[in-house]
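These numbers were taken from a predicted model, which means no experiment stands behind them. Only this structure's heavy atoms are used, side chains among them; waters, hydrogens and symmetry mates stay out.
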Amino acid sequence: PPVSWSDLTDGINDTLVTTFCEAITYARGTTTRAVLAVIDKLSDPWMSEGQIQISQHHYQAEIAIPALTSEPLIGDTLTTAAGTVYVVDQPPIHDHGLYRLILRKQP
């Protein structure tokens, strides 16, 4: 039978979410929201005594702008289903319908 465009995109989105995304809870104050985000560990080069080092790590999350009701703020937290907590460490970047967030993983 023919498949509608909506059904097709829903199926693709489900596959992508299952494969690449991690369910998280985004918290600001007393308000929490379940959203989906990709959280990647990145390495940034930095200088130490004239030498380039690549051992400083930060995490980056991408969250669809419509998934949140207001602008993310420094200090907001993201908690994964497994209980890992990340704190928004820098102002959010708007990028093609996404908030790009730099995160600090909590011990």
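Using a 4.5 Å cut-off between side-chain heavy atoms of Ile, Leu, Val, Met, Phe, Trp and Tyr, with links allowed through other members, Ile65 and Leu68 fall into the same hydrophobic cluster.
Once rounded to the nearest 0.5 Å, the distance linking CD1 of Ile74 with CD1 of Ile102 reads 11.0 Å. Note that OH of Tyr99 and CD1 of Ile63 are 9.5 Å apart. Values are rounded to the nearest 0.5 Å. Atom OH of residue Tyr26 and atom CG of residue Asp76 lie 3.0 Å apart, to the nearest 0.5 angstrom. To the nearest 0.5 Å, atoms OH (Tyr86) and CZ (Arg104) are separated by 13.5 Å.
Leu78 and Ala61 make their closest contact through CD2-CB, 4.4 Å (heavy atoms, listed as atom of the first residue, atom of the second, distance). For the residue pair Ile24 and Ala37, the shortest heavy atom distance occurs at CD1-CB, 3.6 Å.
You'll find the side chain of Thr84 stays beyond 4.5 Å of the side chain of Thr79, heavy atoms only. For the pair Thr80 and Ile39, the minimum side-chain heavy-atom distance is below 4.5 Å. Within the 4.5 Å cutoff, no side-chain heavy atoms of Gln90 are placed close to those of Gln60. Side-chain contact between Ser70 and Arg28 is present, with at least one heavy-atom pair separated by less than 4.5 Å. Thr25 has its side chain within reach of Thr32: a pair of non-hydrogen atoms, C-beta onward, lies under 4.5 Å apart.
No donor-acceptor contact under 3.5 angstrom links the side chains of His96 and Glu62, judged on distance only. Between the side chains of Arg33 and Thr69, no donor-acceptor pair of N or O atoms lies under 3.5 Å. Asp40 and Tyr59 form no side-chain donor-acceptor contact under 3.5 Å, judged by distance and modelled atom types alone.
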